[in-house]
Protein chains: 4
Amino acid sequence: MKRVGIVGASGYSGEELVRLLLSHPHAELSAVTSRQYAGQTLAQVFPKFAHHPRAKALRFSEPKAELLAKQAQIIFLALPHGVAAEFAVPLLQKGCQVIDLSADFRVKSAVVYKDFYAHDHPAPELLAEAVYGLPEVYRAEIKQASLVASPGCYPTSILLPTIPLLKAGLIEPNRIIADSLSGVSGAGRKAELDHLFVECNESVRPYGLPKHRHLSEIEQELSLAAGTQVVIQFTPHLIPVNRGILTTLYLAPRNATEDSKGLSELGEKIAACYRAAYASEPFVRLLEVKALPDTKNVVGTNVIEIAWRLDPRTGRLIVMSAEDNLVKGASGQAVQSMNLMCGYPETAGLI
Amino acid sequence: MKRVGIVGASGYSGEELVRLLLSHPHAELSAVTSRQYAGQTLAQVFPKFAHHPRAKALRFSEPKAELLAKQAQIIFLALPHGVAAEFAVPLLQKGCQVIDLSADFRVKSAVVYKDFYAHDHPAPELLAEAVYGLPEVYRAEIKQASLVASPGCYPTSILLPTIPLLKAGLIEPNRIIADSLSGVSGAGRKAELDHLFVECNESVRPYGLPKHRHLSEIEQELSLAAGTQVVIQFTPHLIPVNRGILTTLYLAPRNATEDSKGLSELGEKIAACYRAAYASEPFVRLLEVKALPDTKNVVGTNVIEIAWRLDPRTGRLIVMSAEDNLVKGASGQAVQSMNLMCGYPETAGLI
Amino acid sequence: MKRVGIVGASGYSGEELVRLLLSHPHAELSAVTSRQYAGQTLAQVFPKFAHHPRAKALRFSEPKAELLAKQAQIIFLALPHGVAAEFAVPLLQKGCQVIDLSADFRVKSAVVYKDFYAHDHPAPELLAEAVYGLPEVYRAEIKQASLVASPGCYPTSILLPTIPLLKAGLIEPNRIIADSLSGVSGAGRKAELDHLFVECNESVRPYGLPKHRHLSEIEQELSLAAGTQVVIQFTPHLIPVNRGILTTLYLAPRNATEDSKGLSELGEKIAACYRAAYASEPFVRLLEVKALPDTKNVVGTNVIEIAWRLDPRTGRLIVMSAEDNLVKGASGQAVQSMNLMCGYPETAGLI
Amino acid sequence: MKRVGIVGASGYSGEELVRLLLSHPHAELSAVTSRQYAGQTLAQVFPKFAHHPRAKALRFSEPKAELLAKQAQIIFLALPHGVAAEFAVPLLQKGCQVIDLSADFRVKSAVVYKDFYAHDHPAPELLAEAVYGLPEVYRAEIKQASLVASPGCYPTSILLPTIPLLKAGLIEPNRIIADSLSGVSGAGRKAELDHLFVECNESVRPYGLPKHRHLSEIEQELSLAAGTQVVIQFTPHLIPVNRGILTTLYLAPRNATEDSKGLSELGEKIAACYRAAYASEPFVRLLEVKALPDTKNVVGTNVIEIAWRLDPRTGRLIVMSAEDNLVKGASGQAVQSMNLMCGYPETAGLI
């Protein structure tokens, strides 16, 4: 049983961490911070948790690293980029393990970070030590880590379906197109006109193209998998659901073919590649022949669904994934990393 | 053809006024104001209107009464209460006709106004002259008015089904219960956490009870209809639709009865009362035997649907209404008043 | 550990039972039936459960009582009324404990049943033995029961807030008005035009008034609590959410008063009444001073939220409740009964 | 003034035709047919139209070509494919002008039709005479036509943004990827489990890939524009809105370039190409620099919004469009064709 704290627990990712950690068999939620709600109990701020015994006792506090380091052994940072890194430094110095849900430690290069986030990196000395918290790829490293950079929601939905194919050399690394649809919780709990109910309901729209910030970590990880510098196309869209990301990937098989025997062999290679990568992964669901991903089948869970189709008319490979942007795309995956860091069963508190 | 202006044209009611007036056969939209968007064209702020010829020419301006009085003969005020009255005074002095969509001139008593709106009335000298803009009740007065106080969305949905019954003495005036469900646009285009998509979607909740501000105008008008002081019960709820109000009224027939003959006679009286009041009203739809109101049948129109049931088990009369809160509950009704004030066909630009 | 089966597991209540029982610490889901999906695995029919170890092994079977009685000790019936009773008879004879989610055993009188359900009761001999499965009211009886009639979704949302007030003599038993708003899952997983996405989204509508079937069980239980025959007013509405019921109750305090001292004393009595009834109930959340119920705070949980306001202007008591129609209003409550019947902790598998 | 009829007026496209034609200045809606609702008035089947004078007089009839040919001069067919062609034959013989909203006359080749629709074409002799009803491309032909095949919803959203680029030789014809998101009304008013509110709300999913039927007409028209056989990639997705299609197109500029001067010149060519094609089109809205399409800005209108971005990182051209699938994607476009066929102003009844 470890004591855990959440810095920035009043946003959507923070709230989801509260939900998961309140019922985690090996974690005791011992600190939650929020500038806005300091002094109030969990039960007051989130009535939905009020039936939990700890919710009436635990109060939000001002986020202070010194105090937190005494209250908890593991700290989740659910803060905006830039701010998160500043918190991580003193917490690590005092011996805490830190799982950061912001973008601050995901990108290895401070230069790339500045290019995408438009300010200097606040703690470049920690970049080498941080581990990218994608358990299906970096399980061994996460087990040894003090500082985990939990992946972004879009990146998770793109990397998990793509990395095995790149590693196996099955697709062209520089012809990847990712078209993603995200629920509105991805925009965070911020009072903004664009995310009012009336502005989002009965609306669908692209945004943030062509150079969304998440491209920095996506391309870093794809490049590592491909062994060559990868640049991809990525278009995010906002759709009127609370939660869920659906990503459709348009990929070019390396050895394109149009005859049916070639296609059939390629299909077998792809199926084998995914089975080898994910058949025993507890949170990756490879869909069977006719099934296609649907966000409603993963919302509230730490599961990512993956399906694929080879198009005999174009020779392209279409891969689709669905995840809950707040669980596998954020807080659930962060807890999965915590389980690995602490030596708990990887699925503890997540199934 | 009259020149019309809208002060506060960037909120939801203002936007709906723009929509209606751009296609009105006898109105030329000649001024729109908005502090936030001053300098931008209609087309820039509202791409949805960009295909209209005037949308690229007409620019939002700062709201200045002197200028407006030169640009338009009729001014719609889509401003918060308190602010609206301050604009009305100079516009009326300069000879404009004013249709105010705020609460400022709805309540005849400055004392009641202060009780419900928590500040002194900004222009009590105008209260006597203002006409409550419910055309089905005050058609003659609206035709003569310089200053129309267009009713609130909830009040419209409650008053139209109730006033004829009170005037006919068919129901007990002091046992009225109104349970209302409103779409989120009723909260206005304001950046507030409570009205974010994620906070409203998959959520239903009561709010603002037991003393919602709209009670002041509702009870004033019901008292006038009943000829006695009326106090009612009113509970608004927020539901996840963009537009629409559904009100369910629980009423006590004055001469309660439980035998089937008595009920049948009472039913005939109610039917006759509604037919007399509304059979020839262009915007009141009395539903036939089995039909029940549904907001989706009125959204985008100036129509209010009304249905009723006598419950033989309890003797109560249940009356239900559905309207679009932004049209019959706000901007459409305001245009209906404009048509009356200008001598245009009452349905001009509304069907 | 007991073996449990679900008859009719492919509807929304059945699906929710699957979810709860797959993760229940003392239950082994050993049989699921569905005419439509017989032969398919849980994982095939409900991809969302596919990550659970049992989901790939457990297959839907045709519903056959004889076989079920061998496969499971406890059987949940998630079937239409009429059909459920026919299944219950042989299962009980073979020694199973039965928890019926249909209406078949809720009403004690076969005459009332026929009046509301329009056909003869299929097994009137079992009516005396069945226990109404509202644990907060019938905990002791449920512990001894072989046949539990799990309450309807609307009834739960109305009975829990009302019964303590009636038992304490605080309200007039025959002036109860219940206005309820339900998510669309309440209509079941049936291919009907009225419940298509496009027909429900951006729509709100009353239905089924004035004599909804649930009145039979509601009035039976209220009459028992009041010690007198109770008839109430009840209007259900359909709102565009997947899950959740919000009920607003308009109640008349027995000793009505308008002076503030009297109101204050009455308020204390009501608060004390609710505290006595529910302060230690694990699934009833009495909201504190300013909070109001919101379905989003209970969806996915077995909790019902209750808040109340005394209106000094009308003397009425307004009580509001929120629950998940599929959990506290159906499957969660049924599992709560199972826990009691089996001597497990009442909250097992539900928190 | 012409008399017009709608065959199959009770589906979503039919209902939208009713809405548009009831308020059309030059059309008199003289016949509506529906097997299911024969004998009922428009007002009974669609309460939302009940305030229109004709809605209480006009009754649905059984669909009989002979009678229809007497009642109307122009007939809209809003029927399933296969059935539509059978109706068109006798109507044309009797001198009616026919606008078919089904797929039956969109594809010029009966062989391709059978490949995609899995049955023989019911009236191949009419294929040569039918005009593809995309006014921005075939305006002159539509003016002369007796039989117009109104385009599908997805095709419209793909063809209008793509055809000018192909004609100008600016993009590679065989590297087109179209990723489309459609509201649920696209599935029609059919009682199907997959399109229940609960199955669609809080859900996003791809479907129908990789060989959706609409590819047949899309590729036919793109091939004509490119002057070469075109095969594209197309993935439709279902999203929880009533109306609207958002299409994101991934295109490869023919003369790819990575230097900024080359990109800038290419950008100017693209802008000029779109301006030349659409600057004076009443229903195509080319969005300005920062704006992106949003379905909420076009729903209820006959407008299609188009925006584009050149990605300097990949060299790709991203084009996005938004339309109302029931208006520009179906009924509005059909009325636009009617206006051309009859010599009315093209925007009559549509703005």
Side-chain angles (χ1 to χ4, degrees), chain A residues 174-183 198-211 215 219 231-250 252 291-297 299-300 305 307 309-318 320 322, chain D residues 174-183 198-211 215 219 231-250 252 291-297 299-300 305 307 309-318 320 322:
Chain A
N174 274 304
R175 292 181 56 196
I176 298 172
I177 294 174
D179 189 288
S180 294
L181 319 177
S182 173
V198 177
E199 303 300 319
C200 296
N201 187 40
E202 291 296 290
S203 158
V204 201
R205 53 188 197 254
Y207 72 97
L209 74 163
K211 196 179 169 188
L215 276 169
E219 294 179 348
V231 175
I232 75 160
Q233 196 72 49
F234 168 53
T235 313
H237 300 75
L238 196 68
I239 54 169
V241 297
N242 282 359
R243 292 165 166 230
I245 285 181
L246 192 293
T247 288
T248 301
L249 292 150
Y250 298 93
L292 288 172
D294 188 329
T295 57
K296 73 167 173 276
N297 290 333
V299 162
E305 287 190 341
R309 297 289 186 275
L310 263 178
D311 186 349
R313 302 170 74 255
T314 64
R316 278 200 201 81
L317 171 62
I318 318 298
M320 295 144 286
Chain D
N174 275 303
R175 291 181 58 195
I176 297 172
I177 294 174
D179 190 286
S180 293
L181 319 176
S182 172
V198 177
E199 303 301 318
C200 295
N201 187 40
E202 291 297 288
S203 158
V204 201
R205 53 188 198 254
Y207 72 97
L209 74 163
K211 196 180 170 189
L215 277 168
E219 293 179 348
V231 175
I232 75 159
Q233 195 72 50
F234 167 53
T235 313
H237 300 75
L238 196 68
I239 54 169
V241 297
N242 281 359
R243 292 164 166 232
I245 285 181
L246 192 294
T247 288
T248 301
L249 292 150
Y250 298 93
L292 288 171
D294 187 330
T295 57
K296 73 167 175 274
N297 290 334
V299 162
E305 287 190 340
R309 297 288 184 278
L310 262 178
D311 186 349
R313 300 172 73 257
T314 65
R316 278 201 200 80
L317 170 62
I318 318 298
M320 295 145 286

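In the text below, chain A, chain B and the rest are named by the order of the sequence lines, each starting its count at 1. Not measured: the values here are computed from a predicted model.
Contacts between A:R313 and chain D at a heavy-atom distance below 4.5 Å involve backbone atoms as well as side-chain atoms. In this structure, the portion of A:N174 lying under 4.5 Å from any heavy atom of chain D is its backbone and not its side chain. In this structure, chain D has a heavy atom under 4.5 Å from the backbone of A:I232, while its side chain stays farther away. Residue contact with chain D, scored on non-hydrogen atoms closer than 4.5 Å, is absent for A:E305.
Looking at residues two or more places apart in sequence or on another chain, you find a side-chain hydrogen bond (donor to acceptor under 3.5 Å, both in side chains) between D:R316 and A:Q233. With sequence neighbours excluded, the residues satisfying side chain to side chain contact (heavy atoms under 4.5 Å, CB included) with D:S203 are A:D294, A:K296, D:R205.
When each of D:V204, D:T314, D:L310 is checked for heavy-atom pairs under 4.5 Å with chain A, D:V204 comes out on top. For the set D:L238, D:N201, D:N242, the entry with the most heavy-atom pairs within less than 4.5 Å of chain A is D:N242. With chain A as the partner, the residue from D:G244, D:A322, D:P206 showing the most heavy-atom pairs under 4.5 Å is D:P206. With chain D as the partner, the residue from A:V231, A:T295, A:T235, A:L215 showing the most heavy-atom pairs under 4.5 Å is A:T295. With chain A as the partner, the residue from D:L292, D:L246, D:D179, D:I245 showing the most heavy-atom pairs under 4.5 Å is D:D179.
For the atom pair OG1 of D:T248 and CG of A:L209, the computed distance is 8.0 Å after rounding to the nearest 0.5 Å. Atom CD1 of A:I177 and atom CD1 of D:I177 lie 3.5 Å apart (nearest 0.5 Å).
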